[in-house]
Amino acid sequence: MILVLVFIPLLSGAAAFLIRRDAPRRALLACAAIAHAAVAASAWMHPPAPLFGGWLALDALGLLFLSIASAVFLAAALYALGYLPRMRHEPDSDSPFGAQPEAIFTGCLLLFLASMTLICASAHFG
């Protein structure tokens with residue numbers, strides 16, 4: 001379950017960089033946020049087993065912070081669904097994505113959730 005929590009936003013973030021149309025990318029953002037929140041909520045009922053010799057484990061405190069991060073991300077993603085259509089799309093010649101600033105925003109937002117999930121599940125990285 002821990003890997004699912006990490007890979008939902010990780011794979012969605014990678015896909016967000018590749019999707020060229022705005023509507024499917026926004027739908028991906030909403031679906032990933034909802035799926036992550038649902039899996040994080042189910043972790044309260046069925047705590048996941050530690051992985052990689054205990055390096056990744058969700059204890060009570062980690063699960064609390066993961067739930068908070070997931071809830072805040074869900075709120076931000078739902079707000080972004082209303083914000084993104086009003087955002088101006090100006091071409092950026094320095095960007096590898098050209099005129100796709102929304103792809104960068106969405107992809108980085110999802111990758112941030114993946115990193116926050118990994119931080120909350122890390123047991124001995126410090």
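Just so you know, these numbers come straight off a predicted model, no measurement behind them.
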Please tabulate, one pair per line, all N/O donor-acceptor pairs under 3.5 Å involving side-chain atoms of residues 106-113, not counting sequence neighbours.
from	atom 1	to	atom 2	distance (Å)
Thr106	OG1	Glu102	O	2.9

Check the pair Ile8, Thr117 against side-chain contact (heavy atoms from CB on, under 4.5 Å), reporting the backbone distance first and the verdict last. CA-CA 10 Å; Ile8 287 173; Thr117 302; over 6 Å; no
Does Leu51 have any side chain to side chain contact (heavy atoms under 4.5 Å, CB included) partners at least two apart in sequence or in another chain, and if so, which? Ile2, Leu3, Leu56
Identify every side-chain donor-acceptor pair in residues 68-84 under 3.5 Å, counting partners at least two apart or on other chains, and give the distances.
from	atom 1	to	atom 2	distance (Å)
Ser70	OG	His36	ND1	3.0
Ser70	OG	Ala37	N	3.4

Measure the spacing between CG of Asp59 and CG of Leu66 and express it to the nearest 0.5 Å.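 So the gap between those two atoms works out to 11.0 Å.
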With sequence neighbours excluded, tell me which residues meet side-chain hydrogen bond (donor to acceptor under 3.5 Å, both in side chains) with Ser115.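 For Ser115 there are no side-chain hydrogen bond (donor to acceptor under 3.5 Å, both in side chains) partners, ignoring immediate neighbours.
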hydrophobic_cluster_shared for Met116 and Phe7, side chain cutoff 4.5 Å: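 Result: no, two separate clusters.
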Same cluster or not: Ile119 versus Phe52, using hydrophobic residues (I, L, V, M, F, W, Y) connected whenever any side-chain heavy atoms lie under 4.5 Å apart?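 In one cluster: no.
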What pairs of donor and acceptor atoms, side-chain ones from residues 40-50 against any protein atom, are under 3.5 angstrom apart with sequence neighbours left out?
from	atom 1	to	atom 2	distance (Å)
Ser42	OG	Val39	O	2.8
Trp44	NE1	Ser67	OG	2.7

Ile19: hydrophobic cluster co-members (side-chain, 4.5 Å): Leu28
Provide the closest heavy-atom pair for Leu5 versus Pro9 in the form atom of the first, atom of the second, distance. O-CD, 3.1 Å
